[in-house]
Amino acid sequence: MRRKCHTCLCQTCITVCGKCVECKEKTTYCENYNGFEQMSIFDVPQEPQCHPVPRHSWKYYGISKERYSQLTEYIQSGRYASLASQVAHRANEMIAECILLSVKENKSYDALRVKWELKEMERIPYCRTDFYGIRRYFFHIMNQKMKEIGK
């Protein structure tokens with residue numbers, strides 16, 4: 001049975017000696033010994049668990065307060081419901097319905113959270129900051145689409 005030497009962290013040591021620095025026999029017992037090597041607790045590097053969420057400002061997207069109000073009116077009127085749905089799914093597939101509900105009914109993140117607590121809807125899987133970042137991104141895409149059709 002091979003044991004790990006606790007002093008040098010070499011995994012292939014046959015014996016555990018207390019004097020790894022001065023031990024001359026160590027190199028003969030350990031075939032793969034190449035000095036100190038930092039070991040990780042993970043075998044394979046893991047990818048981050050979270051997905052990047054856009055958090056840019058209105059200014060970054062170039063949307064003024066007037067244009068925001070105009071886009072909100074277009075969405076709330078219902079004439080562009082299918083376009084708004086497509087844009088919401090493009091902005092973020094997971095919370096597309098929450099974004100549409102927020103914009104159409106002028107509901108805040110907290111109001112949607114209350115609906116979740118009353119079991120009227122699913123829980124929003126993002127925090128407030130991420131939710132509003134995705135919502136601004138939704139308006140950015142909607143603004144581009146509306147400009148394409150001349151509105």
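Put simply, the side chain of Asn106 reaches to within 4.5 Å of the side chain of Gln76, judged on heavy atoms. Within the 4.5 Å cutoff, the side chain of Lys151 has heavy atoms near those of the Tyr80 side chain.
Val114 and Leu112 fall into different hydrophobic clusters, where Ile, Leu, Val, Met, Phe, Trp and Tyr residues are linked whenever their side-chain heavy atoms come under 4.5 Å apart, directly or through other members. One hydrophobic cluster, built from ILVMFWY side chains closer than 4.5 Å, cannot hold both Leu101 and Leu118; they sit in different ones.
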Verify side-chain contact (heavy atoms from CB on, under 4.5 Å) between Glu117 and Arg113, making sure each step is shown before the conclusion.
CA-CA 6 Å; Glu117 289 171 356; Arg113 192 164 176 197; 4.1 Å; yes
Check the pair Glu105, Leu100 against side-chain contact (heavy atoms from CB on, under 4.5 Å), reporting the backbone distance first and the verdict last.
CA-CA 8 Å; Glu105 297 182 13; Leu100 288 173; over 6 Å; no
Please test Glu73 against Arg79 for side-chain contact (heavy atoms from CB on, under 4.5 Å), starting from the C-alpha separation and ending with a verdict.
CA-CA 10 Å; Glu73 286 176 25; Arg79 291 187 302 172; over 6 Å; no
Between Met142 and Leu83, is the side-chain contact (heavy atoms from CB on, under 4.5 Å) condition met? List the steps.
CA-CA 8 Å; Met142 190 68 181; Leu83 178 64; 4.1 Å; yes
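Interatomic distance, Phe138 CZ to Ile75 CD1, rounded to the nearest 0.5 Å: 4.0 Å. Here the CD1 atom belonging to Ile95 is positioned 3.5 Å from the CD1 atom belonging to Ile134, to the nearest 0.5 angstrom. Atom NZ of Lys115 is separated from atom CE of Met121 by 7.5 Å, given to the nearest 0.5 angstrom. In this structure, the separation between NZ on Lys145 and CD on Gln86 is 8.0 Å, given to the nearest 0.5 Å. To the nearest 0.5 Å, the span separating CG on Asp130 from CD1 on Ile124 amounts to 11.5 Å.
Side-chain atoms of Ser102 do not come within 3.5 Å of backbone N or O of Ser108 as any donor-acceptor pair. With hydrogens and angles ignored, the 3.5 Å screen pairs a side-chain donor or acceptor of Ser69 with a backbone N or O of Lys65. Remark: side-chain polar atoms of Glu122 are not paired, donor with acceptor, to backbone N or O of Trp116 under 3.5 angstrom.
Listed by chain and residue number, Trp58, Ile63, Thr72, Arg135, Phe139 satisfy the side-chain contact (heavy atoms from CB on, under 4.5 Å) test with Tyr68 (two or more places apart in sequence, or in another chain).
The aromatic ring centres of Tyr109 and Phe131 sit less than 6.0 Å apart. A ring-centre distance under 6.0 Å is found for Tyr61 and His56.
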